[in-house]
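Fair warning: this is a prediction, and the values are worked out from it, not measured in the lab.
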Amino acid sequence: MIETKRLLPALIGLAAALAFGQPAFAAKQLRLLAWEGYADPDWVQAFEKQYDAEVNVVFVGTDDEIWAKIKGSEGEDFDVFAINTAQLQRYIDAGLVTPHDLSLIPNHQKTLPRFQDLSKVTGVMRDGKVYAIPYAFDSIGLIYDVDKVSPPPTSMEILWDPQYQGRVLAYDNGEHNFSFTALTMGIDDPFHLSDDQLEKIKAKLIDLKHNVLTFYTTPDEALQLYNNNDVALIWANYGQQQVKAMQDAGAHIKYVNPKEGALAWLDTWALTKGVRDKGLAEAWVNFTLQPEISGALSERTGFGNTVTPFASAGADDKLVWLEAVENPTKRADLWNEVKATP
């Protein structure tokens, strides 16, 4: 965890005020909880200058850490935090978030078409209220070696093609593997599966193992495996971030979102129930929805943004936003059974 606190100017002001017997000036403050890359120093400095404010940023590394910080203070320690739509639901359930006022976020009207009608973006609204403003996203698609796969694939079904036996890299995660396989089987809701559907998907995943060289857990591991083996296809859990790393290393690959739909995560800005200056908090959200800021987000991280077009998804690509699944423990158990099956 990294915490940045710009205290020096405030301390200087306090000392001067005390020296002259005057009350100290309290600058407007914004308390921000975010992932690395979502609030870079140059953006923070520009915002502080524009709004004559002080921004205190705390960076986090896991969803559990975000929950611990927001729940631990009952939403009183921060004003704005970054959260994905699947995780957001428990914050709404716990009464830890405050609805947005879209009139204070005019730049939302300039976002990409798929994000403008929030009633059609799963997970950001409840009971007619907007609890999250989309900021960053990425799809979980398919990486293919252009020298080994022709014609370009259009569906995840290619992962089961016998000609790629031993030449597929897959991701070691039960929740996602059951979800994306459900989509290849034509199941509309891949996040709420019946026991019968889970068993059928388990059988299909066992079939997939015949083609899989191995299961990876990190982008670096996948790149190393690709470089040292005859790999043709990779189920790209890390999306464009993974693509960027491979292309930077000279890999001759391309990326596609499957026609049946690509799983995708969507990170948003949410307001805590303890937000102190809602106008300033909404100003931050509006500030980040500028092309200059959102575009830089993609250039620096490889993630897609909600303002400028990016390679994560074309306008016609079908994205299936991640949701909490019916039973994470059962999926994990079934996934272990898949891996244990010869």
Side-chain angles (χ1 to χ4, degrees), residues 138-185 187 190 193 198-265 302-303 311-312 317 320 322 325 328 331-342:
D138 208 350
S139 61
I140 303 175
L142 183 66
I143 292 173
Y144 65 99
D145 187 305
V146 298
D147 298 320
K148 301 174 182 178
V149 181
S150 182
T154 60
S155 169
M156 286 291 192
E157 279 287 354
I158 195 172
L159 297 176
W160 282 264
D161 190 324
Q163 68 175 305
Y164 298 111
Q165 184 174 357
R167 303 168 72 196
V168 171
L169 291 182
Y171 183 62
D172 190 359
N173 179 281
E175 285 193 26
H176 287 180
N177 281 329
F178 274 84
S179 294
F180 99 80
T181 304
L183 290 174
T184 68
M185 296 170 65
I187 297 173
L193 302 172
L198 286 168
E199 287 299 325
K200 289 179 180 178
I201 293 170
K202 174 187 171 182
K204 190 172 177 67
L205 285 170
I206 291 173
D207 287 341
L208 177 63
K209 282 186 60 182
H210 299 147
N211 280 5
V212 172
L213 172 67
T214 190
F215 297 99
Y216 71 93
T217 57
T218 69
D220 288 343
E221 182 186 5
L223 178 57
Q224 184 176 3
L225 289 165
Y226 172 83
N227 286 334
N228 295 325
N229 296 276
D230 178 22
V231 174
L233 297 160
I234 303 174
W235 189 73
N237 183 73
Y238 298 93
Q240 290 297 318
Q241 182 186 23
Q242 195 169 350
V243 171
K244 184 177 185 298
M246 294 186 70
Q247 290 178 335
D248 288 347
H252 198 198
I253 52 98
K254 288 187 178 181
Y255 180 85
V256 63
N257 288 316
K259 63 183 180 182
E260 62 268 19
L263 299 176
W265 55 263
F303 301 144
S312 293
D317 285 356
V320 182
L322 291 175
V325 301
R331 286 199 186 198
D333 291 342
L334 290 172
W335 177 239
N336 286 332
E337 291 176 16
V338 169
K339 291 192 294 181
T341 302

Review point. Are side-chain heavy atoms of L263 and L322 found at a separation under 4.5 Å?
Key: yes
**Study point:** Rounded distance (nearest 0.5 Å) linking atom CG of L169 with atom CH2 of W235
**Key:** 12.5 Å
Check your understanding: In a check of side-chain contact (heavy atoms from CB on, under 4.5 Å) between P153 and each of I158, D161, L159, which one passes?
Key -> I158
**Study point:** Atom pair CG/CZ of L233 and R167 - distance to nearest 0.5 Å
**Key:** 8.0 Å
Using a 3.5 Å cut-off and no angle test, enumerate the donor-acceptor pairs between side-chain atoms of residues 143-151 and protein atoms at least two apart in sequence or in another chain.
from, atom 1, to, atom 2, distance (Å)
D145, OD1, D147, N, 2.8
D145, OD1, K148, N, 3.4
D145, OD2, Y226, OH, 2.7
D147, OD1, H252, ND1, 3.2
D147, OD2, H252, ND1, 2.7
K148, NZ, D230, OD1, 3.0
K148, NZ, V231, O, 3.3

Revision key, fill the gap. Separation between CG (N173) and OG1 (T217), nearest 0.5 Å, reads 10.5 Å
Review point. Quick one: ring-ring contact (aromatic ring centres under 6.0 Å, His included) partners of F215, sequence neighbours excluded?
Key: W335
Exercise for review: With the side chain counted from C-beta on, respond yes when M156 and L183 share a heavy-atom pair under 4.5 Å apart, and no when they do not.
Suggested key: no
Practice item. Can you sort out the partners of K259 under side chain to side chain donor-acceptor pair (under 3.5 Å), two or more places apart, ordered by chain and number? Key: none
Exercise for review: Answer yes or no: is there a side-chain heavy-atom contact under 4.5 Å between I201 and L205?
Suggested key: yes
Exercise for review: Return the minimal non-hydrogen interatomic distance between A232 and Y164, and the atom names on each side.
Suggested key: CB-CD2, 3.8 Å
Revision key, fill the gap. Closest non-hydrogen contact found for Y255 with G239 is OH-CA, 3.8 Å
Point to revise | Within-4.5 Å side-chain heavy-atom neighbours: V320 and P190 | key: yes
Practice item. List the atom of A262, the atom of S139, and the distance in Å for their closest heavy-atom pair. Key: CB-CB, 4.2 Å
Review point. By salt bridge (charged side-chain N to carboxylate O under 4.0 Å, His left out), which residues pair with K209, not counting sequence neighbours?
Key: none
Check your understanding: Looking at residues at least two apart in the chain, or sitting in another chain, which of them share a salt bridge (charged side-chain N to carboxylate O under 4.0 Å, His left out) with K204?
Key -> E157
Study note, to complete from the structure: ring-ring contact (aromatic ring centres under 6.0 Å, His included) filter on F303, not counting sequence neighbours, yields W265
Practice item. Name all residues meeting the ring-ring contact (aromatic ring centres under 6.0 Å, His included) criterion together with Y238; count only those two or more places apart in sequence or in a different chain, and write none if there are none. Key: Y171
Exercise for review: Can you sort out the partners of D248 under side chain to side chain donor-acceptor pair (under 3.5 Å), two or more places apart, ordered by chain and number?
Suggested key: K244
Practice item. Apply side chain to side chain contact (heavy atoms under 4.5 Å, CB included) to the pair T154 and V256, showing each step before the final yes or no. Key: CA-CA 7 Å; T154 60; V256 63; 5.8 Å; no
Review point. What are the two closest heavy atoms between V325 and S179, and how far apart are they?
Key: CG1-OG, 4.4 Å
Practice item. Quick one: pull up CG in N227 and CE in M246 and give me the separation to the nearest 0.5 Å. Key: 7.0 Å
Point to revise | Modelled atom types, side-chain donor and acceptor of S155 and E260, under 3.5 Å | key: yes
Check your understanding: Does the T181 side chain pair with the main chain of F178, one donor and one acceptor, at a distance under 3.5 Å?
Key -> no
Practice item. Just jot down the side chain to side chain donor-acceptor pair (under 3.5 Å) partners of D317, sequence neighbours excluded, or say none. Key: N257
Exercise for review: Identify, with sequence neighbours excluded, every residue that meets side chain to side chain donor-acceptor pair (under 3.5 Å) alongside E337.
Suggested key: K202
**Study point:** Sequence neighbours excluded - salt bridge (Lys or Arg N to Asp or Glu O under 4.0 Å) pairs with any residue from residues 174-184
**Key:** none
Check your understanding: Which pairs count as salt bridge (Lys or Arg N to Asp or Glu O under 4.0 Å) when at least one residue sits in residues 211-229, sequence neighbours excluded?
Key -> none
Review point. If you look at every heavy atom in L334 and E199, which pair is closest and at what distance?
Key: CD2-OE2, 3.8 Å
Revision key, fill the gap. Taking every heavy atom of Q247 against every heavy atom of I253, the minimum-distance pair comes out as NE2-O, 3.5 Å
